[in-house]
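Structure first, then comments.
Per chain, numbering begins at 1; letters A, B, ... match sequence-line order. From a predicted model like this one, the values you see are computed outputs, not experimental measurements.
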2 protein chains.
Amino acid sequence: MAEILSAAGVKSGSLYYFFKSKEALLLAVLDRYVELLQPAVIEPAFARTRDPIGRIFAVLDGYRRMLLETGFKQGCPIGNLALEMSDKSEAVREKIALNFDNWTGAVRQCLLDADDALAADVDRDRLATFVLTVMEGAVMVARIRRSIAPYEQAIAILRTYFERIASTTCTLDK
Amino acid sequence: MAEILSAAGVKSGSLYYFFKSKEALLLAVLDRYVELLQPAVIEPAFARTRDPIGRIFAVLDGYRRMLLETGFKQGCPIGNLALEMSDKSEAVREKIALNFDNWTGAVRQCLLDADDALAADVDRDRLATFVLTVMEGAVMVARIRRSIAPYEQAIAILRTYFERIASTTCTLDK
DNA sequence: GTCTATAGGCCGATAGAC
DNA sequence: GTCTATCGGCCTATAGAC
């Protein structure tokens, strides 16, 4: 809180005029992250390519850049909070879940846009959640190892998985 | 700290006789987790099957059980600390990295034991790290969604990936 | 080795002036 | 709306008796 007040250049009296508690501030931040996903994460990534599957990997590349630009200090801000705060407050857990749903919703839309390129027996919701799972896990391992390799290699494996299910025949065999 | 002292039934004076600081206690806990991986996580899982790849999934099933038994309060204790503590102390980050290396080392050994069943062009170290990545990400998403589905579905997708690289031909196509 | 007692600081939050 | 000033509590850590 001291860091936030200092960065904002205000005193605690001002902060508690707008937010009734520390948790209320956190909930507002999590609402803001929901609003910011599209303009700050999805749209910049989508601007790089029009291919639906390519857009998913463009989003994933954004987290790779974030890791590199911050020297592995910052990965996914939601993931940071997820394991730390989720069992301290049920309201916080629900807002984090909303952020995850927002994220997987955007990935799911890409999968639907690429519908005829994907095998019919692949559940789109489950696959979108798996993309989130791999991203969050890869960010964690990369940050702890202070190396981008675990992230890049996880995304590379995810890509081979996509190449596999994007083909209904066995054309990708090596 | 208050919870730890209460659970241990001692006063803080006793604790600081053995550990010079809060961080020193955390480092000792992380050392203990390194020691405990084999007897508490790996060996119980390995006792269920002798198949090397099956053993990897038996380990992963242990985390599934933990999530269910604790009502999603406890997943991987190392992952809990990873995002929260890694940039507060370099020594802590290194000990967490050691725990991750210990874990992927056990998985890597399984992959080496299954060597001739796996495609030759798959890097064993990278694959072991990917298994860790999927587990940690899946634990996070399952805890936030308070549902075992994201975990089970991530492991299921990982299994199809293993089925794919365990076959040099295209026999697993559906 | 464990206790009691407490130092000294930071924390979240509030009151009231302006 | 923002400030100054401050409260009471909790925290990590220490001192010293036993």
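At dG1(D), none of the side-chain N or O atoms of S14(A) fall inside 4.0 Å of OP1 or OP2 (strictly under the cut-off). Note on Y16(B): every side-chain N or O is 4.0 Å or more away from OP1 and OP2 of dT14(D). Between S12(A) and the phosphate of dA13(C), there is no side-chain N or O to OP1/OP2 separation shorter than 4.0 Å.
Nearest to the side chain of F18(A), among dG1(C), dA5(D), dT2(D), sits dT2(D). Nearest nucleotide to the side chain of V10(A), out of dA13(D), dA13(C), dC3(D): dC3(D). Residue K22(A) places its side chain closer to dA13(C) than to any other of dA13(D), dA13(C), dG1(D). Side-chain proximity of K11(B) to the nucleotides dA13(D), dG12(C), dT4(C) is greatest for dT4(C). In this structure, the nucleotide among dC11(C), dA13(C), dC11(D) sitting nearest to the side chain of A2(B) is dC11(D).
Side chains of R164(B) and T160(A): no donor on one and acceptor on the other come within 3.5 Å.
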(request) Kindly determine whether E23(A) and K95(A) satisfy salt bridge (Lys or Arg N to Asp or Glu O under 4.0 Å), including the steps that lead there. (result) CA-CA 12 Å; E23(A) 179 178 339; K95(A) 285 271 189 228; over 6 Å; no
(request) Could you walk me through whether K22(A) and L26(A) pass the side chain to side chain contact (heavy atoms under 4.5 Å, CB included) test, one step at a time? (result) CA-CA 6 Å; K22(A) 180 185 179 183; L26(A) 175 56; over 6 Å; no
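The closest side-chain heavy-atom distance from I155(A) to R64(A) is not below 4.5 Å.
Taking atom CG on L25(A) and atom P on dC11(C), their separation rounds to 15 Å, with Å as the unit. When rounded to the nearest whole Å, the span between CG of L15(A) and P of dT2(D) equals 11 Å. As a whole-Å value, the separation of M1(B) CE from dC11(D) C1' is 9 Å. Between F19(B) atom CZ and dT12(D) atom C1' there is a gap of 15 Å when expressed in whole angstrom units.
Annotation: of the two residues near DNA chain D, E23(B) and Y17(A), the 5′-most nearest-nucleotide partner is Y17(A).
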